[in-house]
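Structure first, then comments.
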Amino acid sequence: MKDVSVEMREEGRVALVRFDRGTKANALSLSAMRALTETALRLAEAPALSAVVLAGAENFSLGFDLKDGETASLAALPLAERRLLLQTGRKMCRAWAELECLTIAAVRGWCVGGGVALAGALDLRVAEPGAVFYAPEIERGMNMSWGSVPRLVALVGPARAKRLLILAERWGAAEAERFGLVDEVAEDAEDAALALAARAAAMPPVPLRMIKQAVEAAALPLAHAASWADYDQFALAQTGEDHREGVAAFAEGRAPRFTGG
């Protein structure tokens, strides 16, 4: 599948999924998100699978691909069509979050915006020392969507989630580990993630899945209620002057001047 490859390990008990668009940014275009969604849905049909490792490339991902042709055309679409397409990232994150086996993100380089949402949808995150986590949506005049806010709050707590999402702080790997976003810092994130996956593969797969579901139910009982409209909020934010200013400022390399419009 274009952009996504799957390699089975540990006698079929572990899947290593690599997402690589062949660019430094490794950004999430709509087509790449569909491929990642389809991959997760296929893996969901493997009953004996114990763990999945998701690895990016030079950078895990610099987030939603604003330069992709299909993405660039979103603003011109009728609201009904745009609303459906804006759910693509949410569907991707949900497909990964709903995998019953243990899921582990191997993060190297930058993990930005939609990359943070995707990594946050997995159970564990292993990061290399040079990794950086950054959610700049607010600096572009947008909300954080894809169902990610409840998951991030569950990981780092409400105050630190506000620092990450409202103040757009950039967290290095050590800081992200201290705050609870990262579970392990390792020189080779993919190797360390695979080691965790191998440990999961040594466990009985059915109890593993039962325990994961119980933990998720306890940690995120109101996740849907808290985030069900975030794609509509995103669509609304896109119509504002602050969104246009945020995108223009980013493209021009200057500080934005927000007015609340």
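Basis for what follows: all heavy atoms, side chains included, without hydrogens, waters or symmetry-related copies.
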**Chi angles and distances behind the side-chain contact (heavy atoms from CB on, under 4.5 Å) call for L165, I138** = CA-CA 7 Å; L165 303 178; I138 194 168; over 6 Å; no
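- In plain terms, the two heavy atoms of A106 and F60 that are nearest each other are O-CD1, 3.5 Å.
- From D230, atom CG reaches atom CE of M144 across 9.5 Å, with rounding to the nearest 0.5 Å.
- A distance of 10.5 Å separates CG of L167 from NZ of K162, quoted to the nearest 0.5 Å.
- In this structure, R90 CZ and F234 CZ are separated by 13.0 Å, a value rounded to the nearest 0.5 Å.
- The hydrophobic clustering, which links ILVMFWY residues whose side-chain heavy atoms are closer than 4.5 Å, places M33 and L99 together.
- Here the OH atom belonging to Y231 is positioned 13.0 Å from the CG atom belonging to L85, to the nearest 0.5 angstrom.
- Taking every heavy atom of both residues into account, S148 and A117 meet most closely at CB-CB, 3.7 Å.
- The side-chain heavy atoms of R18 and V6, taken from C-beta on, include no pair separated by under 4.5 Å.
- No side-chain heavy atom of Q233 sits less than 4.5 Å from a side-chain heavy atom of M142.
- Nearest approach of T239 to R244, heavy atoms of both residues: O-NH2, 3.2 Å.
- Looking at S50 and V14, their side chains never come closer than 4.5 Å, going by heavy atoms from C-beta outward.
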**Asked** Taking it one step at a time, do V53 and L16 satisfy side-chain contact (heavy atoms from CB on, under 4.5 Å)?
**Response** CA-CA 5 Å; V53 172; L16 171 59; 3.8 Å; yes
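- At a threshold of 4.5 Å between non-hydrogen side-chain atoms, the residues R140 and F64 do not count as touching.
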**Prompt:** Run the side-chain contact (heavy atoms from CB on, under 4.5 Å) check on M92 and L28 step by step: do they pass?
**Reply:** CA-CA 11 Å; M92 173 189 67; L28 290 159; 4.3 Å; yes
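- Annotation: F179 is in aromatic contact with W171 [ring centroid separation under 6.0 Å].
- At a threshold of 4.5 Å between non-hydrogen side-chain atoms, the residues W96 and V17 count as touching.
- No more than 12 heavy atoms of other residues, nucleotides or ligands sit less than 6.0 Å from atom CZ of F250.
- L43 and L196 fall into different hydrophobic clusters, defined by Ile, Leu, Val, Met, Phe, Trp and Tyr side-chain heavy atoms under 4.5 Å apart, directly or through other members.
- Under the 4.5 Å side-chain criterion, counting only non-hydrogen atoms from C-beta, V107 is not in contact with V126.
- R108 CZ to N26 CG: the interatomic distance, rounded to the nearest 0.5 Å, is 11.0 Å.
- The backbone N or O of F19 lies less than 3.5 Å from no partner atom in the side chain of D3, so there is not a single donor-acceptor pair.
- Two residues are said to be in side-chain contact when any heavy atoms from C-beta on lie closer than 4.5 Å; L118 and L36 meet this criterion.
- Residues A48 and P205 come closest through the heavy atom pair O-CB, 4.2 Å.
- Each of V132 and L181 belongs to its own hydrophobic cluster when Ile, Leu, Val, Met, Phe, Trp and Tyr are linked at side-chain heavy-atom distances under 4.5 angstrom.
- In plain terms, the two heavy atoms of K2 and A35 that are nearest each other are O-CB, 3.9 Å.
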**Asked** Which is it for L79 and R82 under the side-chain contact (heavy atoms from CB on, under 4.5 Å) test, yes or no, and what are the steps along the way?
**Response** CA-CA 5 Å; L79 178 60; R82 181 155 41 99; 4.0 Å; yes
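- For M8, the CE atom sits in a packed shell: over 12 heavy atoms of surrounding residues, nucleotides or ligands are nearer than 6.0 Å.
- Judged purely by atom type and a 3.5 angstrom limit, D183 uses its side chain to pair as donor or acceptor with the backbone of R125.
- Between P256 and G246, the shortest heavy-atom distance links the atoms CB-CA, 4.5 Å.
- At least one donor-acceptor pair closer than 3.5 Å links the side chain of R209 to the backbone N or O of L49.
- Side-chain contact between P158 and V153: present, with at least one pair of heavy atoms (C-beta onward) separated by less than 4.5 Å.
- Residue E11 places its CD atom among 12 or fewer non-hydrogen atoms of other residues, nucleotides or ligands, all under 6.0 Å distant.
- Comment: E81 does not engage R83 in a salt bridge, judged by the lack of any side-chain N to carboxylate O separation of less than 4.0 angstrom.
- Around atom CZ of R199, no more than 12 heavy atoms belonging to other residues, nucleotides or ligands sit under 6.0 Å away.
- Between the side chain of D188 and the main chain of D191, a donor-acceptor pair closer than 3.5 Å is present.
- Under 3.5 Å, the side chains of T103 and D123 contain a donor-acceptor pair of N or O atoms.
- By the rule that hydrophobic residues join a cluster once side-chain heavy atoms approach within less than 4.5 Å of another member, L155 and F133 end up as members of one cluster.
- Within a 6.0 Å sphere centred on CD of E187, other residues, nucleotides and ligands contribute 12 heavy atoms or fewer.
- Taken to the nearest 0.5 Å, the CD atom of E98 stands 10.0 Å off from the CD atom of Q213.
- Listed for the D242 side chain is a donor-acceptor partner under 3.5 Å among the backbone atoms of G260.
- Side-chain N or O atoms of K212 include one that pairs as donor or acceptor with a backbone N or O of C101 at under 3.5 Å.
- Listed for the R13 side chain is a donor-acceptor partner under 3.5 Å among the backbone atoms of A201.
- In this structure a side-chain-to-backbone donor-acceptor pair under 3.5 Å is missing from E58 to K24.
- Both L122 and V185 belong to a common hydrophobic cluster when Ile, Leu, Val, Met, Phe, Trp and Tyr are linked at side-chain heavy-atom distances under 4.5 angstrom.
- With respect to R254 and E245, a salt bridge is recorded, a charged nitrogen being found less than 4.0 Å from a carboxylate O.
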